[in-house]
Every structure is written in structure tokens, then in C-alpha cells.
Amino acid sequence: MSERITSWHAAPSKPLYTPPAGAVDAHCHVFGPMAQFPFSAKAKYLPEDAGPDMLFALRDHLGFARNVIVQASCHGTDNAATLDAIAKSEGKARGVAVVDPAISDAELARLHDGGIRGIRFNFLKRLVDDAPKDKFLEVASRLPAGWHVVIYFEADILEEMRAFIAAIPVPVVIDHMGRPDVTQGPDGADMQAFRSLLDSREDIWFKATCPDRLDPKVNGVGGDPWDKFAEAVAPLVADYQDRVIWGTDWPHPNMQDAIPDDGHLVDMIPRIAPTAELQHKLLVTNPMRLYWPEEL
Ligand SMILES: O=C(O)/C=C(\CC(=O)C(=O)O)C(=O)O
């Protein structure tokens with residue numbers, strides 16, 4: 001792997017929608033800069049640099065106040081780039097790490113001091129070589145107080161994830177709703193399965209994210225403005241409004257063939273959360289409860 005890829009929009013539009021004061025972009029990443037923070041030898045993609053300055057400029061452009069930076073697989077279990085971005089944010093960012101399950105308690109405490117509030121378990125075979133459930137459960141049992149676990153999986157393995165998720169001893173946040181097929185509609189099999197997972201525990205949260213990944217243009221159907229995503233996700237947000245968060249997913253790893261306009265992603269918000277009350281929960285109250293609870 002040698003070619004470095006660019007997966008983000010060079011000049012995203014200004015959204016028509018204005019987020020409420022204090023809004024949190026609760027799912028984004030940083031890449032490098034590579035000269036300072038080399039990518040993992042196991043990385044499945046090699047992106048161009050997308051560092052904290054670019055992230056914070058986008059945050060301001062889109063009208064957000066804070067970021068939650070999620071360690072991307074291209075940086076493996078070395079969280080230095082994520083920690084560096086958090087340190088440069090002047091308190092406006094916190095993060096989710098990816099760790100070697102054998103990590104020491106002292107290192108977990110160091111991550112906490114650096115602004116990390118959760119760890120991510122990635123089950124996508126195209127992104128990681130292995131996902132050892134037994135080791136994940138062990139490390140999940142000794143996280144610092146107040147942390148949660150973020151899980152990334154696709155809808156086809158939801159059933160086999162149930163027992164694992166049930167055993168996690170801290171709150172769980174599901175990335176991109178477990179990637180349902182939104183073209184099935186709000187009552188489709190994937191959404192029903194995801195709802196039943198949410199109903200299995202009151203502390204399973206989810207990210208109503210990634211219309212670009214879940215509603216791509218296929219044979220001329222779908223894509224921006226992602227109508228199928230809006231139709232399938234709005235009822236979920238309404239029904240589980242106290243445990244849903246939102247993020248841009250910038251710099252959109254692996255989306256180089258269908259790069260979304262971040263302004264348009266923000267304009268999805270009032271379509272999945274139509275009232276000011278819902279928008280405040282989605283963008284402020286809920287992410288603050290997970291990442292800055294001491295400020296509430
Ligand atoms: O950014 C995301 O959430 C989704 C990703 C990338 C990713 O998760 C990672 O590299 O860790 C994807 O589907 O390729």
C-alpha cells in the first residue's frame with residue numbers, strides 16, 4: 001500500500017441549518033500528520049494528512065463547538081495523533097481510543113488524563129485483522145470510571161454480536177446504528193433488529209451518522225440528499241431520543257469515491273431530528289452526558 005488517499009471535501013458548503021450553541025460533532029477522526037504520527041503497519045488504507053487544524057476549521061465552519069475524536073483504524077492502537085488533537089483543542093475535544101487489550105491500568109489512566117472517555121471495538125474485517133471478544137470483555141471490565149465502549153459492526157453480524165454486547169459491563173455506543181440497510185425503510189428487517197438490540201439494554205446508545213455510507217448512490221438511486229436515510233432514521237431518533245448522538249465522520253475514511261459535502265451532512269440533522277428539543281438532545285445534552293458529564 002503506497003498511494004495516499006483523500007476522502008474529504010476540499011470546500012464543503014456552509015450548512016443551511018444552524019446547530020444549537022454548544023453542539024458536539026461526536027464522531028470524527030484525525031489522520032496524522034504522518035511525519036509526526038506514522039500510520040500503523042497494519043493499516044488497511046493510507047490517507048493524506050488530516051490533522052487537528054483542519055478538523056477545528058471545519059468545526060467552526062459548520063457551526064459546532066466541540067468534537068469527539070474517534071481513533072481510526074489506520075492509526076492502530078497508537079493513540080498519539082488522537083491525543084495530540086485533543087491536547088490542541090483547548091478543552092473542546094475529547095476522544096475514543098483503540099487499545100491493545102493487554103493495556104495496563106496505568107496507561108488507561110494516562111489516556112483518561114489525555115481526554116479519552118471510551119474505547120472502540122472494530123469488527124469490520126476490511127479494517128482490522130482480528131477482534132478478540134474475550135480479550136475485549138476483559139479490558140472493558142477495567143476501564144476508568146465513566147468510560148463507555150464504542151462498537152463498530154455491520155448489520156449482517158448483529159445477531160452474533162448480541163451475547164457479546166450483553167456482557168459488556170459499561171454503557172455501549174453503536175457506530176452508525178450497526179450499518180442497517182436503510183433502503184428497507186424504517187420498519188425493515190435491519191431496523192427492527194437494531195431496535196430489538198436497543199430494547200435489550202437501556203444503556204445502549206447509537207450514532208445517527210453516515211448517510212453517505214448507508215444511502216450511497218447505486219444505479220442512479222440514493223446518494224445526496226440521502227432521502228432513504230432520513231426516512232429510515234428519523235423514527236429511530238424520535239423513539240430513542242435520550243441515547244442518540246451525531247457526528248460528521250470527517251475525514252470520511254474510505255469514502256474517496258463518493259466524498260460527501262459536510263455542509264449537506266449537517267443539513268441532514270433537521271430531517272432526522274425535526275424539533276429544536278430533539279436537536280438539542282442529539283447535539284448537546286446527549287453527547288455532553290457521555291463526554292463532558294462534569295459540565296452538566
Ligand atoms: O470512520 C468510520 O466510522 C468508518 C470507517 C473507518 C473506520 O472506522 C476506521 O478506519 O476506524 C469505515 O467504514 O471505513
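Values below: every heavy atom of this structure, side chains too, minus hydrogens, waters and symmetry copies. Just so we're clear, the structure is a prediction, and the values are computed from it rather than from any experiment. First listed ligand is number 1; within each ligand, the first listed atom is number 1.
Atom 7 (C) of ligand 1 has its nearest heavy-atom neighbour, among Val98, Leu127, Val70, Asn254, in Leu127. When the heavy atoms of Glu154, His252, Arg213 are ranked by distance to atom 5 (C) of ligand 1, first place goes to Arg213. For atom 6 (C) of ligand 1, the nearest non-hydrogen atom from the set Ala72, Cys74, Ala43, Pro253 belongs to Pro253. Nearest-heavy-atom check against atom 8 (O) of ligand 1 across Arg179, His75, His29, Arg120 picks out Arg120.
Ring pair Phe64/Trp246 is parallel by interplanar angle, where below 30° counts as parallel and above 60° as perpendicular.
Close contacts of ligand 1 with Ser73, meaning ligand atoms under 4.0 Å from a residue heavy atom, involve 9 (C), 10 (O), 11 (O).
Note: no N/O pair closer than 3.5 Å links Asp175 and ligand 1 by distance alone.
Closest of all the heavy-atom pairs between His29 and Arg120 is CE1-NH1, 4.4 Å.
Of the protein's non-hydrogen atoms, Tyr152 OH, 2.6 Å is the one closest to atom 13 (O) of ligand 1. At the top of the distance list for atom 2 (C) of ligand 1, counting protein heavy atoms only, stands Asp249 OD1, 3.3 Å.
Each side-chain hydrogen bond (donor to acceptor under 3.5 Å, both in side chains) pair with one or both residues in residues 91-106, not counting sequence neighbours, appears once here: Arg94-Glu294, Asp105-Arg142.
To the nearest 0.5 Å, the span separating CG on Leu283 from CD1 on Ile269 amounts to 4.5 Å.
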Atom pairs and distances, side-chain donor-acceptor, residues 216-226, under 3.5 Å, sequence neighbours left out:
residue: Asp224; atom: OD2; partner: His264; partner atom: ND1; Å: 2.5

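For Asp267 (side chain) and Tyr17 (main-chain N/O), a donor-acceptor pair under 3.5 Å exists by modelled atom type.
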